[in-house]
Q: 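Questions regarding the structure given below will be posed in turn.
Along the sequence shown, the residues carry numbers beginning at 1.
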Amino acid sequence: ANGLDHTTLLDSSGMNPGNRSTATDLVALGKLALANPVVAGIVSTKSVTIPYVGVIKNSNKLLGHDGVDGIKTGTLDEAGACLLFSTKFTVGSYTVTVVGVALGGVDHPSLDAAVRSLIATAKEGFHSVTLAKKGQSFASYSTPWNSKAQAVAAANRSVLVWANTPITARVTATPVALAHASAQVGSVDFTVGKTKVSVPLKLERGIDDPGVLWRLSNPMLLLG
């Protein structure tokens, strides 16, 4: 149902060597787990006391380090040391959640060191990009009677991107003869990787009627 077509489970304990999956499927599974508040709470718990059993400690030694808050360790002779992990960190005003998996490690200490290095590299790859600043001009208008106005961004817009994610912009400006200040006259549409972001454009000042005298004195300009 969730499209995990490359995952085969032969038992529910996770101990059967016939269980198979891929890094892609495991990351998708990790996202599903974090989307469930109950599961997300369990995998982020360092230890719990069970009546008549005692204290059970989470085997994920990275919990609480580098923002790690889950998800699941795995250890089999056939699979080696494995860890499906999640971590949160802040980039500017954004909170980023990264889900990843490391498979086939020699042991968990060396695997954990590799995961911490991977997290640091991932964090460095994220950065915030300003697409538009409120009041920034993207188009201009000029009338035959020498009235001029700029089409400016109606709001601030920024995005969080990974590495060198391509960004393109397309400005659409509606033809305007007369308009009041702050009238919406189009938009600037950004494509950020596969994401679309649209920012409305408004007039920073009005375009006023030139008056009867100018119209009567410049009939050819109006017709043009």
Q: Minimum heavy-atom separation for Ser137 to Val152, with atom names?
A: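 Here Ser137 and Val152 meet closest at CA-CG1, 3.9 Å.
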Q: Nearest 0.5 Å, please: how far is CD in Gln150 from CZ in Phe138?
A: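 That separation rounds to 11.5 Å.
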Q: Under the side chain to side chain donor-acceptor pair (under 3.5 Å) definition, can you give me all pairs with a residue in residues 199-210, not counting sequence neighbours?
A: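 Side chain to side chain donor-acceptor pair (under 3.5 Å) check on residues 199-210 returns Asp209-Arg215.
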Q: Please step through side-chain contact (heavy atoms from CB on, under 4.5 Å) for the pair Leu83 and Ile71, ending with a clear verdict.
A: CA-CA 8 Å; Leu83 176 64; Ile71 301 174; over 6 Å; no
Q: Any chance you could measure Ile119, atom CD1, to Glu124, atom CD, to the nearest 0.5 Å?
A: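 Those atoms lie 12.5 Å apart.
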Q: Taking atom NZ of Lys134 and atom CG of Asn156, what is their separation to the nearest 0.5 Å?
A: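 Result: 7.5 Å between the selected atoms.
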Q: What closest approach, in Å, do Ala179 and Leu203 show between heavy atoms, and which atom pair accounts for it?
A: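 Closest heavy-atom pair between Ala179 and Leu203: CB-CD1, 3.5 Å.
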Q: Are any non-hydrogen side-chain atoms of Leu9 and Asn16 less than 4.5 angstrom apart?
A: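 A side-chain contact is absent here, since even the closest heavy-atom pair is not under 4.5 Å.
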Q: Looking only at heavy atoms, which two atoms of Pro210 and Trp145 are closest? And how far apart?
A: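 Result for this residue pair: CB-CG, 3.5 Å.
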Q: Kindly state each residue pair satisfying side chain to side chain donor-acceptor pair (under 3.5 Å) with at least one member in residues 171-184, sequence neighbours excluded.
A: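 Output for this query lists Arg170-Thr172.
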Q: What's the shortest heavy-atom distance between Leu160 and Ser128, and which atoms?
A: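 Between these two residues, the closest heavy atoms are CD1-N, 4.2 Å.
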Q: Is the shortest side-chain heavy-atom distance between Val39 and Leu34 below 4.5 Å?
A: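 SC-SC contact between Val39 and Leu34 ruled out.
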Q: Tell me if a side-chain donor or acceptor on Ser13 pairs with a main-chain N or O of Met15 at a distance below 3.5 Å.
A: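 Yes: the side chain of Ser13 pairs with the backbone of Met15.
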Q: Mind checking the NZ-OG1 spacing from Lys148 to Thr143? Nearest 0.5 Å is all I need.
A: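 Atom-to-atom, Lys148:NZ and Thr143:OG1 are 7.5 Å apart.
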Q: Holding to side chain to side chain donor-acceptor pair (under 3.5 Å), I want the full list of residues that pass it with Thr168, two or more places apart in sequence or in another chain.
A: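 Once residues adjacent in sequence are excluded, Thr168 has no partner under the side chain to side chain donor-acceptor pair (under 3.5 Å) criterion.
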Q: Would a hydrophobic clustering, with Ile, Leu, Val, Met, Phe, Trp and Tyr connected at side-chain separations under 4.5 Å, put Val99 with Leu62?
A: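 Looking at the clustering, Leu62 is in a separate group from Val99.
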Q: Quick one: does any side-chain atom of Asp25 pair with a main-chain N or O of Thr7 as donor and acceptor, under 3.5 Å?
A: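 Yes, the answer is positive, given that a donor and an acceptor are paired below the 3.5 Å cut-off.
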Q: Do any pairs count as a side chain to side chain donor-acceptor pair (under 3.5 Å) and have a residue in residues 83-107, sequence neighbours left out, and if so which ones?
A: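 Only Asp69-Ser86, Asp69-Lys88, Tyr94-Ser158, Asp107-Ser110 qualify under side chain to side chain donor-acceptor pair (under 3.5 Å).
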Q: Mark yes when over 12 heavy atoms from residues, nucleotides or ligands other than Asn164 sit less than 6.0 Å from its CG; otherwise mark no.
A: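 No, not enclosed.
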Q: Kindly give the heavy-atom pair with the smallest separation between Cys82 and Leu111, and that separation in Å.
A: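 Shortest heavy-atom separation between Cys82 and Leu111 comes out as C-CD2, 3.6 Å.
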Q: If you define the side chain from C-beta out and look only at heavy atoms, does anything of Ile167 sit under 4.5 Å from Thr191?
A: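 The answer is no; the side chains never approach within 4.5 Å.
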Q: I'd like to know whether Asn2 forms a side-chain contact (heavy atoms from CB on, under 4.5 Å) with Leu32, so could you lay out the CA-CA distance, the side-chain angles of the two residues, the decisive distance to 0.1 Å, and finally the verdict.
A: CA-CA 9 Å; Asn2 291 290; Leu32 289 170; 3.6 Å; yes
Q: So among Val192, Val199, Val188, which one has a side chain to side chain contact (heavy atoms under 4.5 Å, CB included) with Leu131?
A: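 When Val192, Val199, Val188 are each tested with Leu131, the side chain to side chain contact (heavy atoms under 4.5 Å, CB included) holds only for Val192.
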Q: Report the residue from Thr73, Asn60, Thr75 that forms a side chain to side chain donor-acceptor pair (under 3.5 Å) with His108.
A: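 Of all the options given, the one that passes is Thr75.
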Q: Measure the spacing between CG of Leu103 and CG of Leu26 and express it to the nearest 0.5 Å.
A: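 If we round to the nearest 0.5 Å, Leu103:CG and Leu26:CG are 6.0 Å apart.
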Q: Would a 4.5 Å heavy-atom cut-off, applied to side chains only, mark Val98 and Phe126 as touching?
A: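 Yes, side chains in contact.
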Q: Give the table of side-chain donor-acceptor pairs shorter than 3.5 Å for residues 41-53, with sequence neighbours excluded, one pair per line with atom names and distance.
A:
from  : atom 1 : to    : atom 2 : distance (Å)
Ser44 : OG     : Ala40 : O      : 3.1
Ser44 : OG     : Gly41 : O      : 3.2
Thr45 : OG1    : Gly41 : O      : 2.7

Q: Mind checking salt bridge (Lys or Arg N to Asp or Glu O under 4.0 Å) for Arg116 and listing every partner two or more places apart, or none if nothing turns up?
A: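 Counting only residues at least two positions away or on another chain, Arg116 forms a salt bridge (Lys or Arg N to Asp or Glu O under 4.0 Å) with Asp66.
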Q: Are any side-chain N or O atoms of Thr165 and backbone N or O atoms of Val161, one a donor and one an acceptor, separated by less than 3.5 Å?
A: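 Pair absent, no side-chain N/O of Thr165 close to backbone of Val161.
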Q: Quickly, which of Asp112, Leu118, Leu63, Val27 forms a side chain to side chain contact (heavy atoms under 4.5 Å, CB included) with Phe85? Name it, please.
A: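 Exactly one candidate clears the test, Leu118.
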Q: Heavy atoms only: give me the nearest Val115-Ala102 pair and the separation to one decimal.
A: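 Val115 and Ala102 have their closest heavy atoms at CG2-CB, 3.8 Å.
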Q: Between Val159 and Val197, is there a side-chain heavy-atom distance shorter than 4.5 Å?
A: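 Sidechains of Val159 and Val197: in contact.
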Q: Quick check for you: to the nearest 0.5 Å, what is the distance between Lys123 atom NZ and His127 atom NE2?
A: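 Those atoms lie 15.5 Å apart.
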Q: As a quick check of understanding, evaluate side-chain contact (heavy atoms from CB on, under 4.5 Å) for Ile207 and Val176, giving each step before the final call.
A: CA-CA 8 Å; Ile207 300 178; Val176 172; 4.0 Å; yes
